[in-house]
Amino acid sequence: MKNKFYITTPIYYANAKPHIGHAYTTVAADILARWNRQQRKKTFLLTGTDEYGLKIQKKTEEAGKDSQQFVDEIAEEFKSLCEKLNINYDNFIRTTDKKHKETVQKVLQLLYDKGLIYKGTYEGLYCVGCEQFKNKSDLVDGKCPEHNIKPEIIKEESYLLKMEEVQSQLTEKIKSDEFKIGPEKYKREILSFLERQKLQDVSISRKNVSWGIPLPFDKNYTTYVWVDAFLNYLTGVGWNGSLPLEKGELERDLKNNVVDESNILQSKESFKSPRSPFLKGENLGFWPPDIQLIGKDILRMHATMWPIMLLHLGIELPRELFVHGHILSEGKKMSKTLGNVIGIDEMLEKFGTDGTRYLLMSAGSFGEDIDMTMERMVEKYNADLANGLGNLISRVVKLMEHGTWNMKHKTINNEQFSKKIDELELDKALNYVWNIVREDNKYIEDAKPWELAKDESKKEEFRKVIQKLVDDLSLIAEFLKPFMSETAEKIKKALKTERLNEVLFKRIK
RNA sequence: CGCGGGGUGGAGCAGUCUGGCAGCUCGUGUGGCUCAUAACCACAAGGUCGGCGGUUCAAAUCCGUCCCCCGCAACCA
């Protein structure tokens with residue numbers, strides 16, 4: 001299908017409440033989705049939660065809670081965050097959805113039948129204290145840090161996914177950008193990883209985890225969470241596991257109703273307007289994803305196991321995996337111990353929805369790690385939003401009192417700006433807009449319209465100056481739509497009614 | 001020699017691919033303005049672009065080497 005845009009966020013692991021990192025990825029995805037929707041592309045934004053696995057099982061067991069009830073609560077938290085951030089998603093997938101589970105089992109059976117999953121032995125370092133396998137990187141001085149004992153090398157019967165046979169094919173696709181990994185540095189990292197060694201087959205079964213999807217061909221095991229999690233990108237647009245993947249056209253897909261509607265939460269905007277037309281049906285016309293946003297922590301798996309599963313299934317790979325950096329605080333990872341955690345709720349409370357969205361996206365190059373502190377965010381909020389954009393609107397609206405103005409609807413025909421978004425330079429796109437804000441503030445200073453207004457003979461000149469500012473602001477509103485849709489609306493309304501009902505971005509402190 | 005990234009005025013960053021006067025925002029100082037959210041505008045101070053060496057008419061940028069910081073080193077996600 002042409003003229004479509006399918007974007008995914010990772011599904012977030014439901015072992016704890018959402019934090020700023022989740023907000024960052026999801027806001028970026030939402031902006032890209034809104035932008036493409038604005039370009040009249042049929043757009044689908046998928047997000048959701050990953051709800052199985054040992055971590056959650058242990059956590060709920062220890063707390064004496066029911067796992068399902070626990071993840072239900074966490075899923076609600078994530079949905080509520082989306083609402084607070086004004087995320088206009090088309091589907092919120094949960095891996096405990098019945099339909100998702102069924103499809104995962106179908107896929108596993110298929111891979112098993114094809115001999116791509118086989119029974120073998122998994123050899124790993126097993127800590128008796130933890131009752132689980134450990135990574136080398138988890139160990140401190142070769143010992144389990146929790147129990148301070150050396151783990152034993154244990155062989156366990158397990159179901160393994162064949163990796164190596166499609167490895168060179170994968171490497172080629174990454175090299176040629178058929179399966180693009182961006183930014184470039186992450187492509188290099190993955191290629192160097194893939195070219196250095198043969199991939200080991202990955203164990204896709206778990207014996208000691210009951211909180212998971214049972215293997216269809218051996219009920220003594222559950223499915224390794226990653227396998228289950230990856231398939232969300234397919235089930236999230238309504239795939240039911242049948243092959244070959246018949247993509248069809250959206251129009252036809254709309255007739256079916258595969259996506260579980262109970263999980264569709266209406267975001268603020270879709271409350272007002274008709275809900276996304278793509279919420280129903282097998283929307284496989286959207287396949288493959290045009291962009292899959294991920295954090296750098298999950299790159300390895302997303303660039304190996306996930307595409308390998310697809311290659312095995314004969315399904316087209318995503319067009320691009322885009323890796324963004326982490327949000328650091330005071331140059332370090334946020335941690336409770338360091339006390340440098342910036343809470344997303346705190347941000348929302350302080351800066352509001354659009355303020356938070358702006359601060360997240362303008363904090364640094366999208367794709368690099370960014371460093372944030374509350375102090376600097378307050379500074380930036382005051383400088384860019386209150387003193388910059390907010391004040392500019394106040395000035396212009398007040399000056400509009402003396403005259404009547406043309407409110408032409410502006411459409412974006414600006415290659416510079418569009419290119420930045422299409423190349424995922426979201427921070428640069430915002431910076432482009434703020435250059436206009438700064439120029440306009442300067443322009444007012446130079447043109448001195450308040451003096452022109454007093455002089456009858458300079459009426460025409462005055463009219464020109466204000467009209468230019470009105471035009472610029474309508475354009476700015478258009479630019480801001482995907483980033484801060486509520487603000488964009490307020491600006492438009494203010495220009496239309498020639499008055500500002502509220503201070504846009506009140507200065508803080 | 002495991003892999004990848006990074007080191008640019010006081011702070012945060014862009015620029016490096018494709019060499020061409022070192023740039024942006026914040027902060028600081030001085031002045032201006034009054035349409036505006038005590039906002040805005042101008043000017044100024046402040047940098048051996050991590051060190052050393054090389055290529056070049058010319059290096060933050062290319063090459064070599066060294067130092068420092070961060071992430072990763074696959075089945076927790």
Side-chain angles (χ1 to χ4, degrees), chain A residues 10-16 50 52-56 58 122 124 130 132-138 158 160-161 163 183-193 195-197 199-206 209 224-227 229 295-301 303-305 325-326 328 331-333 362-365 368-373 375-377 379-380 382-402 425 427-428 431 434-435 438 440-454 465-466 469 500 502-507:
Chain A
I11 45 173
Y12 304 116
Y13 199 56
N15 67 334
D50 178 13
Y52 286 117
L54 184 65
K55 258 194 182 174
I56 288 169
K58 276 203 160 180
Y122 172 66
C130 303
Q132 61 174 298
F133 288 97
K134 288 284 177 184
N135 296 338
K136 269 187 247 163
S137 54
D138 290 335
S158 178
L160 301 166
L161 178 72
M163 299 284 278
E184 189 77 21
K185 61 178 177 182
Y186 291 112
K187 176 179 172 180
R188 277 198 290 275
E189 187 172 325
I190 284 300
L191 281 176
S192 114
F193 172 74
E195 287 171 341
R196 204 167 350 117
Q197 81 233 281
L199 290 176
Q200 287 170 29
D201 292 345
V202 174
S203 165
I204 56 95
S205 62
R206 290 294 180 273
V209 182
Y224 176 38
V225 276
W226 270 116
V227 172
K296 62 178 187 177
D297 50 327
I298 52 174
L299 169 62
R300 177 75 52 90
M301 275 291 180
T304 53
M305 191 176 192
H326 283 166
L328 308 176
K332 300 201 170 105
K333 274 188 187 173
S362 65
S365 293
E368 301 290 329
D369 282 356
I370 56 177
D371 193 62
M372 295 178 107
T373 65
E375 203 186 351
R376 251 184 284 133
M377 281 193 289
E379 259 176 26
K380 200 165 173 56
N382 285 335
D384 294 358
L385 296 177
N387 300 348
L389 181 64
N391 184 47
L392 177 65
I393 290 153
S394 281
R395 301 177 84 175
V396 174
V397 169
K398 190 70 196 279
L399 288 163
M400 284 174 84
E401 280 175 5
H402 317 271
E425 298 185 317
D427 54 303
K428 306 253 184 335
N431 191 44
W434 256 262
N435 280 336
R438 278 185 278 271
D440 280 352
N441 266 323
K442 195 176 292 187
Y443 178 71
I444 297 179
E445 209 66 30
D446 293 342
K448 301 190 185 359
W450 58 91
E451 281 181 12
L452 300 176
K454 288 175 198 160
V465 169
I466 304 304
L469 290 167
L500 208 51
E502 53 176 324
V503 169
L504 219 54
F505 303 115
K506 226 173 197 162
R507 188 171 303 95

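Below, read A as the first sequence line, B as the second, and so on, with proteins coming before strands; counting in each chain starts at 1.
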Determine the interatomic distance between [atom1] on [N] and the same-named atom on [M]; round to the nearest Å.
N	M	atom1	answer
B:C1	B:U55	C1'	25 Å
B:C13	B:U56	C1'	30 Å
B:U30	B:G20	P	38 Å
B:G9	B:G71	C1'	28 Å
B:C21	B:G29	C1'	26 Å
B:A42	B:G10	P	24 Å
B:A60	B:C49	P	7 Å
B:C67	B:G50	C1'	8 Å

Do other residues, nucleotides or ligands put more than 12 heavy atoms under 6.0 Å from the CD atom of A:Gln197? yes
Yes or no on side-chain hydrogen bond (donor to acceptor under 3.5 Å, both in side chains) for A:Arg438 and A:Asn441, after CA distance, side-chain angles and deciding distance? CA-CA 5 Å; A:Arg438 278 185 278 271; A:Asn441 266 323; over 6 Å; no
Backbone of A:Val209 reached by a side-chain donor or acceptor of A:Tyr52 within 3.5 Å: no
Say whether, by atom type as modelled, one donor and one acceptor occur between the side chain of A:Asn15 and the main chain of A:Ile56 under 3.5 angstrom. no
Indicate, with a heavy-atom threshold strictly under 4.0 Å, whether [X] touches base, sugar-phosphate, or nothing.
X	value
A:Met301	sugar-phosphate
A:Tyr12	nothing
A:Ser192	sugar-phosphate
A:Gln200	base
A:Glu375	nothing
A:Leu199	base

Please tell me which of the listed nucleotides, [options], lies nearest to the side chain of [X]?
X	options	answer
A:Leu504	B:C35, B:A74, B:U37	B:U37
A:Trp450	B:U34, B:A74, B:A36	B:U34
A:Glu451	B:U37, B:A74, B:U34	B:U34

Output the rounded distance in Å from [atom1] ([X]) to [atom2] ([N]).
X	N	atom1	atom2	value
A:Ile466	B:C35	CD1	C1'	8 Å
A:Leu452	B:U34	CG	C1'	14 Å
A:Lys448	B:C35	NZ	C1'	12 Å
A:Lys333	B:C69	NZ	P	17 Å
A:Met163	B:A74	CE	P	13 Å
A:Glu195	B:G4	CD	P	11 Å
A:Asn431	B:C26	CG	C1'	13 Å
A:Lys296	B:C72	NZ	P	7 Å

Assuming nearest nucleotide by heavy-atom distance, tell me which of A:Thr304 and A:Asp50 is located more 5' along RNA chain B. A:Thr304
Anything below 3.5 Å on both distances counts as a pair; with that, list the stems of at least three consecutive Watson-Crick or G-U pairs involving RNA chain B. B:2-7 with B:67-72, B:10-13 with B:23-26, B:28-32 with B:40-44, B:50-54 with B:62-66
Test of understanding: with side chain to side chain donor-acceptor pair (under 3.5 Å), list the residues that count as partners of A:Asp201, not counting sequence neighbours. A:Tyr118
A:Ser158: what forms a side chain to side chain donor-acceptor pair (under 3.5 Å) with it, not counting sequence neighbours? A:Ser203, A:Ser205
Does A:Arg395 come within less than 4.0 Å of A:Asp440, counting only side-chain N to carboxylate O? no
Is it true that A:Glu368 and A:Lys185 make a salt bridge, defined as a side-chain N closer than 4.0 Å to a carboxylate O? yes
With sequence neighbours excluded, residues passing side chain to side chain contact (heavy atoms under 4.5 Å, CB included) with A:Lys442: A:Asp446
Looking only at heavy atoms, which two atoms of A:Lys506 and A:Ala386 are closest? And how far apart? C-CB, 4.3 Å
In B/S/- notation, 5' to 3', how is nucleotides 5-19 of chain B contacted by protein heavy atoms closer than 4.0 Å? S------SSS-----
Is a donor-acceptor contact shorter than 3.5 angstrom present between the side chain of A:Lys398 and the base of B:C35? no
Just the atom pairs and distances: protein N or O near nucleotides 38-47 of chain B's N or O, under 3.5 Å.
from: B:A39; atom 1: O2'; to: A:Asn391; atom 2: OD1; distance (Å): 3.3
from: B:A39; atom 1: O2'; to: A:Asn391; atom 2: ND2; distance (Å): 2.5
from: B:C40; atom 1: O2'; to: A:Arg395; atom 2: NH1; distance (Å): 2.9
from: B:C40; atom 1: O2'; to: A:Glu445; atom 2: OE1; distance (Å): 3.1
from: B:A42; atom 1: OP1; to: A:Lys442; atom 2: NZ; distance (Å): 3.0

